[in-house]
Amino acid sequence: MASTPSSTLSPLYESSIFCNFTSSQSFLSHQKFTFPLKLHSKFCIRATQVSLQEQSQVSDPSNSQQPYRKAVSSSKSKLWVNPKSPRASELKRKSYDFRYASLVKVAESLDACNPVEEDVFNVLASLGDKIVEQDAVVTLNNMSNAETALLALKYFQQRLKLSKEVIIYNVTLKVLRKSKDLDKAEKVFEEMLERGVKPDNVTFSTIISCARQCNLPEKAIEWFEKLPSFGCEPDDVTYSVMIDAYGKAGNVDMALNLYDRARAEKWRIDAVTFATLIRIYGAAGNFDGCLNVYEEMKALGVKPNMTVYNSLLDAMGRAKRPWQAKNIYGEMLSNGFQPSWGTYASLIRAYGRARYSEDALKIYKEMKEKGLELSVVLYNTLLAMCADVGLTDEAVNIFEEMKGSESGTCQPDSWTYSSLITIYSCSGKVSEAESTLNEMMEAGFDPNIFVLTSLIQCYGKAGRTDDVVRTFGRLSDLGLSADERFTGCLLNVLTQTAKEDLHKLMVCLEKANPKLGYMVKLLVDEEVVEEEGAFKTHAAELLDCVTMDVRKAYCNCLIDICVNLNQLERACELLDVGLTLNIYTDIMSRTATQWSLHLKSLSLGAALTALHIWMNDLNRALESGEEFPSLLGINTGHGKHKYSEKGLAGVFESHLKELNAPFHEAPDKAGWFLTTKVAATSWLESRRAQEVVAT
DNA sequence: CTAGGGTTAG
């Protein structure tokens, strides 16, 4: 019964004490324990031995005054430890850690090893002869190489008397899942059956999640359905995995059915499952569903964890509900959770997309302070937000920090450069936009459609028509073709261009969209004559062909061109088409107390045209003796349009003055110009009198 | 970390 000095031992452990040290008395009765490890130089513990006899002594409650006895010799110190003392549990933990670390190293060697039996077996031979089942489990569990894992499994099966063979199979399946190899997993399952090893819920949930991760949700469902034929009843984890798999398969109903079933069967549904449900609802765009699940979870007394919070934050970001993200984040913090990288990422996305720039930049700052590295996607999200709200200086700053980031994995990509060029273009910084374009090309990125779109705007705003034409030419040089947005920007450039330069751009416009080119030709070229009503038909046809999100922009631009060319009648026709096609909605409204003109989201030309039509309506009402309400109002919006110093409100104010209109900016309602019934009536009447005089 | 669920997005 001599103790074994640590120096003679293999680094790996020689008995299975680690998992049973305190728990099993019966186990003690036939085992002798050896702590072979050099645990801590300070204590100079070389070896510790606990015999059965001493074990029973020290665990006697009457010995509690004397929790452990030390036997110190001059040459070697030995420590006698009560296995129930804190010291013992510390020893246990440390020795476990040591063995665990060794097994992890073996797993790493196996991952790097040639997938041939001889090599794999050689690596495993370093474990020595006295391996136990737990060694096999830990080793396989830390592996990621599917091929060598299968050979290691074989080795353990040959060398060990396995009491729970299913476990070693289950861990092997985990390795196969890591390498997303469902085929091999299915083969291993077959082998289990051949060897008479009965699969359990762990087996099935691992295979199911493997199928899910392989993007084969139908396969996952197949496996779930064969579970009962092996005498298994799904348990909470299997349900959770399956709910996720149904969600991934887009089968939200089945996912929710399973959730109901799990709930009916009184399974303990834990936070991870709720997080899965939240993710499913979020992916399906049912954001209220996400919040309902969250409420239900709390009602069931389940405490949210980080996964739940991060899924919720992500969903609220997708939902464009930054205020809800903010509330949930606040709740998370007050519950004592520390935000993770994923939390910050969700927040930046939620705030960034919704243009909560202050909040987003605050998160960015916090991440930097904590030394958390942003990904390219996150940087790009921030930069796109800066471009949206016109934060030029902040964007430049972020861009510089991105380039200077430590790891070098965050080098700008074409998205990054696009955002930056957009920012410079929108703020009229032509040379900065050009030099960023050069930098982008030096970094190996061709300008894409986004970049060319921005440059067209940039040159258009600067009145550099020839550069607009040149940039248009690059489109086909690069094998790109104009999309609706690009064409819309080109059209917008036309609204800012002097009449004598228009023909240069019309050549481009015609190439980009012949119908649109023709429409503009009708406006510019007075020689082109068409029959009555043809213009409106052309307009309606054209607008019908483009997608919803550019219709209003096209219509606005066309009206602006009309107004610039003094073709008020055509402008009115276009506005009428816009109203008919529901491109403009609720421009004019009437309540008992107020008649209003809503000009938000109209261009200046369209707004002036709408005002013209509204005034005609008011005149008609006046003529027919209709009673005006006590208030009349024009809403231009707050007028703080990004990148333009003077928004609609400002321009409109001076225009109303020119018309001598009695509308005055409401001090308490930003963006509203109001007048009274009396003032409006007398103004309209005086205008009519003037018109009579004029004729 | 200790046989099963989720986790990085435009």
Side-chain angles (χ1 to χ4, degrees), chain A residues 18-19 92-93 96-105 107 133-143 153 162 164-175 177 185 199-210 212-213 220 227 232 234-245 247-248 258 262 267-280 282-283 305-311 313-315 317-318 340-350 352-353 372-385 387 409-410 413-416 418-419 450:
Chain A
F18 302 95
C19 48
K92 186 190 66 173
R93 190 181 54 75
Y96 184 88
D97 288 351
F98 187 93
R99 183 182 70 137
Y100 190 87
S102 311
L103 292 170
V104 168
K105 278 199 183 124
E133 208 163 344
Q134 183 75 2
D135 298 329
V137 172
V138 172
T139 305
L140 281 166
N141 197 44
N142 281 288
M143 286 184 67
L153 170 70
L162 296 163
K164 288 179 189 157
E165 199 168 353
V166 65
I167 294 179
I168 205 170
Y169 269 113
N170 289 343
V171 210
T172 307
L173 287 170
K174 269 176 79 180
V175 183
R177 186 184 54 195
D200 60 10
N201 259 308
V202 178
T203 318
F204 284 106
S205 60
T206 309
I207 295 177
I208 290 167
S209 68
C210 177
R212 207 226 76 158
Q213 281 176 30
L227 197 137
C232 283
D235 65 10
D236 53 345
V237 174
T238 308
Y239 274 131
S240 179
V241 177
M242 241 354 264
I243 287 171
D244 193 31
K248 182 90 180 177
L258 267 198
W267 283 108
R268 178 185 55 89
I269 302 165
D270 66 10
V272 178
T273 308
F274 283 109
T276 302
L277 285 164
I278 291 168
R279 265 204 333 282
I280 289 171
N305 65 11
M306 283 301 288
T307 326
V308 170
Y309 283 121
N310 289 351
S311 315
L313 292 173
D314 187 62
R318 281 174 206 271
S340 68
W341 194 91
T343 315
Y344 287 131
S346 294
L347 286 173
I348 284 187
R349 205 154 66 112
R353 278 183 173 180
L372 289 171
E373 194 80 40
L374 275 79
S375 67
V376 184
V377 176
L378 282 183
Y379 274 117
N380 289 347
T381 306
L382 285 170
L383 289 172
M385 176 195 75
T409 54
C410 257
D413 64 6
S414 58
W415 293 69
T416 319
S418 295
S419 290
F450 302 107

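In the text below, chain A, chain B and the rest are named by the order of the sequence lines, each starting its count at 1. From a predicted model like this one, the values you see are computed outputs, not experimental measurements.
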Q.
I'd like the C1' distance from B:dA3 over to B:dT8, given in whole Å.
A.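 Comparing C1' positions in B:dT8 and B:dA3 gives a spacing of 27 Å.
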Q: Between B:dC1 and B:dG6, how far apart are the P atoms? Round to whole Å, please.
A: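 Approximately 15 Å lies between the P atom of B:dG6 and that of B:dC1.
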Check every strand shown and say whether [X] touches a base, only sugar-phosphate, or nothing at a heavy-atom separation below 4.0 Å.
X        : value
A:Arg318 : nothing
A:Val237 : base
A:Ser375 : base
A:Asp244 : sugar-phosphate
A:Asp270 : base
A:Asn141 : sugar-phosphate
A:Lys164 : nothing
A:Ala345 : base
A:Asn305 : nothing
A:Thr273 : base
A:Thr238 : base
A:Asp200 : base
A:Asn142 : nothing

Q.
Do A:Ser209 and A:Arg177 pair up side chain to side chain, a donor and an acceptor below 3.5 Å, judged on atom types alone?
A.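 A:Ser209 vs A:Arg177: donor-acceptor pair found between side chains.
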Q.
Does either side chain, that of A:Thr238 or that of A:Asn201, offer a donor lying less than 3.5 Å from an acceptor on the other one?
A.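 Distance-only check passes for A:Thr238 and A:Asn201.
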(Q) I'd like to check the ring pair (Phe, Tyr, Trp, His ring centres under 6.0 Å) partners of A:Tyr309; sequence neighbours left out, ordered by chain and number. (A)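 If we apply the ring pair (Phe, Tyr, Trp, His ring centres under 6.0 Å) test to A:Tyr309, skipping adjacent residues, the hits are A:Phe337.
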Q) Quick one: side chain to side chain donor-acceptor pair (under 3.5 Å) partners of A:Ser414, sequence neighbours excluded? A)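 Applying side chain to side chain donor-acceptor pair (under 3.5 Å) to A:Ser414 gives none.
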(Q) The criterion is side chain to side chain donor-acceptor pair (under 3.5 Å); which residues satisfy it with A:Thr276, sequence neighbours excluded? (A)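 Side chain to side chain donor-acceptor pair (under 3.5 Å) check on A:Thr276 returns nothing, list empty.
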Q: Would you please name every residue forming a salt bridge (charged side-chain N to carboxylate O under 4.0 Å, His left out) with A:Asp200, sequence neighbours left out?
A: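 Testing A:Asp200 for salt bridge (charged side-chain N to carboxylate O under 4.0 Å, His left out), a comparison that skips the adjacent residues, returns none.
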Q. What are the 5'-most and 3'-most nucleotides of DNA chain B lying under 4.0 Å from any heavy atom of chain A?
A.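 Contact boundaries, 5' end first: B:dC1 to B:dG10.
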**Q.** Test side-chain contact (heavy atoms from CB on, under 4.5 Å) applied to A:Arg349 - qualifying residues, sequence neighbours left out
**A.**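 Per chain and number, A:Arg349 pairs via side-chain contact (heavy atoms from CB on, under 4.5 Å) with A:Asp314, A:Arg318, A:Arg353.
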